[in-house]
Amino acid sequence: MRLKTFHKKKIVTVFLVCALALAFLAGRLIDLMLFESEDYAKKAQDLHERERDIKAARGKIIDAAGNVLATNQTVCTISVIHSQIENPEAVIAALCSELKLSEETVRARVEKRSSIERIKANVPKETGDRIREMNLAGVKVDEDFKRYYPYGSLASKVLGFTGGDNQGIIGLEVKYEDILKGSDGKILTLTDARGVELPEAGESRLEPIAGNDLYISLDANIQKFAEQSALKVMEKKSADAVSVIVMRPQNGEILAMVNVPEFDLNDPFTLSADTSGLTDQQKQDAWNLMWRNGCINDTYEPGSTFKIITMSAGLEAGVVSLNDQFSCPGFKIVEDRKIRCHKVTGHGAENFVEAAQNSCNPVFIEVGLRLGIENYYHYFEKFGLKNKTGIDLPGEAGTIMHNMENMGLVELATVAFGQSFQITPIQLASTVSSLINGGRRITPHFGVEVRDGEGALLKVLEYPTGERILSEKTSETVRYVLEQVVDGGSGKNAYLEGFRVGGKTATSETLPRSANKYISSFIGFAPAEDPQVLALCVIHNPQGVYYGGTIAAPVVQEIFSNILPYLGVEKEDVDK
């Protein structure tokens, strides 16, 4: 008797489904084994590995005299691994006590189910050592580095500082980040499926690579002299701020850059004023103002110190000579504008050297007019005043100047004696350096060399230099005239017995003019015949007597009296 199959179609369907499922599984297995095995092996490894960073030691910043200005302190980072904690309450109590944190904060992090949770960074090493000796299961104490500045506030707005992640925020710290930062290492540990470390597996380490050391031209001793002089005049004149730049005019190396008041590099987020009630944005604005480097970030009307540029252009173009005769009635009329001299009764008859000694506005207006708009603008650009200096600090501001097509004779006249436009102090110091050093443009800078931690030289830092912007003869003449300004003119308060000093004073009025706020300044150099050092002092809003020759020139004189012997510049028999 023949058997009948009533469910033939169902059986065939089930068979086909099973066959297709087996084929799919076989294909997927082949794909996993041949094409995705490495990826899944890595995922499995990651699941059973836990890694913690080992911070690299940041490179040091070392000054011209070998003083360490920025280095590292060993600190600790305290973390917890939730799956390994055996006694949560004991861990919470210990960490609250040692780290001075609230129980709420610590408990939230201890009870959080994550592979690793940081409790606190930058913990003093002695505190970290005490926690380590407690042998609390699930608590990790890793050594780390915190930036430390041995001189506190010295050159704070130049050096800058680092954040919690040890990355540079402002100043040289951020400019040379790639040189200083190094490469972090790692600690690798193996865990089981629950995330518990396998004691028999131990730890493997990828050692960090320390950053390289940056050697700079700034000299801590010269910086101290300059800061002391700046603070003294700031307090005496109740000024808003005082900036000082000291540099080598021959090669652009900056020996000191002062912006008082400075701030504590080891505590850069503490403001001097009460911050209660301030919004986060207001606090940020206050920090930015405190950290701001006025020598490079801010522009100002230079006033009569800019007459050095007009003098250099006029002498180079041949539109004026030292013996040219002028007459100053106390003003000069340009188009429909009567522009006054600072001496309202006028200087009378004078030659060009005497006009420079007297800082006579009408004479320098005349030199500007003789040059003409196009020619004056040509020298303005040739001297590099339209471009930034290229200093190795972040945030340099550019010159604010009339466009040539919008420049009339009145604008030319005011620019000729340093008004109606703005430049940075570093631009003025760099340009004057280039005009008195023989006529070659220099790039102001701090960075000199890069060395490894053992002191081996890795790189000499180089900067653009050498472009001739003035003839040697004209540069020599400019030095001579500026020496006369100090010997018997408005810069006489910068005279220093035994040294030949050249320089120029300035007193400019800030905008709006009706506010009666002034900027007093003096730029000087020595020795006048072969300048080895140049200094610029800018005093913002001094109270009482505000003339640059009266209050700024003595600051430079005091700085020179301290640093010229220190730099090995010997006295000579100089008759005043």
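Quick note: numbers below take in every heavy atom, side chains included, and nothing from hydrogens, waters or symmetry partners. Keep in mind the model is a prediction, meaning the values are calculated, not measured.
Under the 3.5 Å distance criterion, with hydrogens and angles disregarded, a donor-acceptor pair is assigned to the side chains of S490 and T505. Under 3.5 Å, the side chains of S359 and K504 contain a donor-acceptor pair of N or O atoms. Counting only N and O atoms by type, the side chains of S508 and Q419 include no donor and acceptor under 3.5 Å apart. Checked by atom type, the side-chain pair Y376/T310 shows a donor-acceptor distance below 3.5 Å. Defined by atom type and a distance below 3.5 Å, a donor-acceptor pair is missing between the side-chain atoms of E262 and S153. For the residue pair E316 / T474, a side-chain donor-acceptor distance below 3.5 Å is found, with atom types taken as modelled. Between the side chains of K307 and N361, at least one donor N or O lies within less than 3.5 Å of an accepting N or O. Side chains of T424 and E396: no donor on one and acceptor on the other come within 3.5 Å.
For residues 363-387, the pairs satisfying salt bridge (Lys or Arg N to Asp or Glu O under 4.0 Å) are D324-R370, K332-E366, E366-R370, with sequence neighbours left out.
Note: C295 SG to L536 CG = 7.5 Å, rounded to the nearest 0.5 Å.
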- [ ] Take F269 and F263 through the ring-ring contact (aromatic ring centres under 6.0 Å, His included) test and state the conclusion after the steps.
- [x] CA-CA 9 Å; F269 291 94; F263 64 92; 9.2 Å; no
Open item on the list: Run the side-chain contact (heavy atoms from CB on, under 4.5 Å) test on H342 and H347 for me, step by step, so that the C-alpha distance in whole Å, both residues' side-chain angles and the decisive distance to 0.1 Å come before the verdict.
Closed with: CA-CA 10 Å; H342 66 88; H347 294 104; 3.8 Å; yes
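Each of L482, V320, V367 was checked for a side-chain contact (heavy atoms from CB on, under 4.5 Å) with M311, and the lone residue meeting it is L482.
Ion pair R58/E177 flagged as a salt bridge, since at least one NZ, NE, NH1 or NH2 atom sits closer than 4.0 Å to an Asp/Glu carboxylate oxygen.
Ring pair F525/F560: centre-to-centre distance not below 6.0 Å.
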Residues 239-250, side-chain donor-acceptor partners within the protein, below 3.5 Å, at least two apart:
from	atom 1	to	atom 2	distance (Å)
D240	OD2	N541	ND2	3.2
S243	OG	N259	OD1	3.3
Q250	NE2	P531	O	3.0

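Contact annotation: the side chain of E301 approaches that of Q422 to within less than 4.5 Å [non-hydrogen atoms, C-beta and beyond].
A cation-pi contact links R451 to Y215, judged by a cut-off of 6.0 Å to the six-membered ring centre and 45° from its axis.
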